[in-house]
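Worksheet: the structure to be examined is printed underneath.
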There are 2 protein chains.
Amino acid sequence: MPTPHYGQPRYRAIADALRERIASGAIPPGALLPTESALTTEFRASRGTIRQAIAVLRGEGLVATEHGRGTYTNPRWQESRPDEDSQTKIRERRIAADPGLATLFDVEVGADLIEQEIVVTEDGTVGEVVRTYRLRVQQ
Amino acid sequence: MPTPHYGQPRYRAIADALRERIASGAIPPGALLPTESALTTEFRASRGTIRQAIAVLRGEGLVATEHGRGTYTNPRWQESRPDEDSQTKIRERRIAADPGLATLFDVEVGADLIEQEIVVTEDGTVGEVVRTYRLRVQQ
DNA sequence: AGAAATTTGTCCGTATGTATC
DNA sequence: AGATACATACGGACAAATTTC
């Protein structure tokens, strides 16, 4: 089936659809987009066209793609909208780097790290715990 | 956007530019050329034109392209060092709740949790590690 | 530890429509 | 009209990173 492109190209329309899906929250921040293969069947487009659409979003900084893993929506780009009945409790403390964190930060095991913990409570139950680790205070 | 072709054809000029880059050592022997996709954006030429330019170099024996891999300069076995220019790396895995998380989520120790880890790298060094814990997969 | 499946990365060849010399 | 280049799209194939079994 040949493909004329009167008006808007296919890949742009697909990019728009996916962008809308991200903006609406249908695809949450940090979540995986459907695989290229899945998108080909959904939009009935070739893989090349799908990849072209994703490239648009990547260029906009909306998503990031990793070889062998998939394409994620960028958690930094999306601002967290304040939910209704959600409460957050934040606490910060100094901890010693365990082997896992030590290798990540390339420091010695036991080195000083800053841990910020955010506990998000929704409707009385803990929904999410976010722990952020940094080397220094600041930033 | 459209490009007239005064005098020398476009693909000739691109082939010259790439040949110069190889001769100058900007692209070392055995290294991969930029992908066709990258060259299209760099030279603002269509893929067909890029491929035409590469075909010229291939005809001159300057490069060799391998299906699914890319186009190499002067086939010679060398190691390619990828640039470290990553920004955020995301991985998701299932973990068992340790006592701390278990009390937060009010579940038994060892219960299934989803851990999402985001490693933010800036200038080659890890700046921030964010670990998000949830009970279920997304939302 | 290793094989298989999944998923993205890249290239190939082709085709058709659009636009400018 | 013809030549050149550009833009879009398809389907197929192999390569490489990751995950899963």
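A, B, ... follow the sequence lines: proteins, then strands. Residue 1 opens every chain.
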Rounded to the nearest Å, what distance is computed from the [atom1] atom of residue [X] to the [atom2] atom of nucleotide [N]?
X	N	atom1	atom2	value
A:Gln8	C:dT18	CD	P	16 Å
B:Glu36	C:dG13	CD	C1'	11 Å
B:Gln52	C:dT14	CD	C1'	15 Å
B:Ile54	C:dT10	CD1	C1'	11 Å
A:Leu32	D:dA17	CG	P	19 Å
B:Arg47	C:dT16	CZ	P	17 Å
B:Tyr11	D:dC6	OH	P	12 Å
B:Phe43	D:dC6	CZ	C1'	16 Å

Nearest-nucleotide comparison on DNA chain D, the residue closer to the 5′ end among A:Gly68 and A:Gly48: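 Closer to the 5' end of DNA chain D: A:Gly48.
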No-H, no-angle donor-acceptor pair, B:Arg51 side chain to C:dG13 base, under 3.5 Å: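 It does not, because no donor-acceptor pair links the side chain of B:Arg51 to the base of C:dG13 below 3.5 Å.
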Residue pair A:Thr71 / A:Thr65, side-chain donor-acceptor N/O under 3.5 Å: yes
Side-chain touch A:Thr103/A:Val109, heavy atoms, less than 4.5 angstrom: no
Test item: B:Tyr133 and B:Ile114 side chains (from C-beta on) under 4.5 Å apart, heavy atoms: no
Does a side-chain N or O of [X] approach OP1 or OP2 of [N] to a distance below 4.0 Å, or not?
X	N	result
A:Ser37	C:dT6	no
A:Arg69	D:dT19	yes
B:Ser46	D:dA7	no
A:Arg12	D:dT8	yes
A:Thr35	C:dT6	no

Minimum-distance nucleotide to A:Pro9 side chain [options: D:dC10, D:dA5, D:dT8]: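 My answer, after comparing the listed nucleotides, is D:dT8.
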Presence of salt bridge, A:Glu42 and A:Arg21, under 4.0 angstrom: yes
A:Asp112 atom CG, over 12 foreign heavy atoms within 6.0 Å: yes
Sugar-phosphate only, base, or nothing, as touched by A:Gly70 at under 4.0 Å among non-hydrogen atoms: sugar-phosphate
